[in-house]
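Notes to accompany the following structure.
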Amino acid sequence: MDTHLTKRIYRIREAAEIIGVPQSTLRFWEKEFPDLQPKRTASNQRHYSPQDMELLQIIQFLLHTKGLKLEAAKEYLKHNKKNVSKKLKVIEKLERVKSELEIFLEALNLRNQKI
């Protein structure tokens, strides 16, 4: 999941790719989570703001990573949105550090094989 959102709007296809779920899942989440209300164009296309994207990342984290059921995720989000957001950011930073360490380890292993 990428928290470095650089665009002002994301269409549903882009949002789904970033979050890692099908577009139909995003449409379903819109019905289930009242805070998730992307703007609509005149032609009824969804435009997700960076704030919508952050909420999508939180929902994805609660449901898929943390493994909460839908109702539990709704309640958790209702009472702990700020804490969930902080935890998600920490987890993402740790995942980036892990990735970088894996790259360094691979480079060291390649270096040792050459020696």
Rounded to the nearest 0.5 Å, the CG atom of Leu77 sits from the CG atom of Leu55 at a distance of 6.0 Å
Answer yes if Ile9 and Ile12 sit in the same cluster of Ile, Leu, Val, Met, Phe, Trp and Tyr residues linked by side chain heavy atoms under 4.5 Å apart, and no otherwise.
no
First locate atom CD of Glu75, then atom CG of Leu68, and finally report the distance between them rounded to the nearest 0.5 Å.
11.5 Å
Let me check something: any side-chain donor-acceptor pairs from residues 108-115 under 3.5 Å, sequence neighbours excluded? List them with distances.
| residue | atom | partner | partner atom | Å |
| --- | --- | --- | --- | --- |
| Asn109 | ND2 | Leu105 | O | 3.4 |
| Asn112 | ND2 | Leu108 | O | 3.4 |

Hydrophobic cluster identity match, Val21 and Met53, side-chain contacts under 4.5 Å
yes
Look at atom CD of Glu102 and say whether more than 12 heavy atoms of other residues, nucleotides or ligands are closer to it than 6.0 Å.
yes
Qualifying side chain to side chain donor-acceptor pair (under 3.5 Å) pairs, either residue in residues 28-39, two or more places apart
Glu30-Arg46, Glu30-Tyr48, Glu32-Lys74
Atom pair OH (Tyr10) and CG (Leu56), whose distance is rounded to the nearest 0.5 Å:
11.5 Å
Going by salt bridge (charged side-chain N to carboxylate O under 4.0 Å, His left out), name the residues that satisfy it together with Glu14, two or more places apart in sequence or in a different chain.
Lys7
Hey, could you give me the CD1/OG1 distance between Ile58 and Thr65, rounded to the nearest 0.5 Å?
12.0 Å
So how far is it from Gln60 CD to Gln57 CD, rounded to the nearest 0.5 Å?
8.5 Å
Counting only heavy atoms not in Arg27, do more than 12 fall under 6.0 Å of its CZ?
yes
Smallest separation among heavy atoms of Leu26 and Ala15, with atom names:
CD1-CB, 3.7 Å
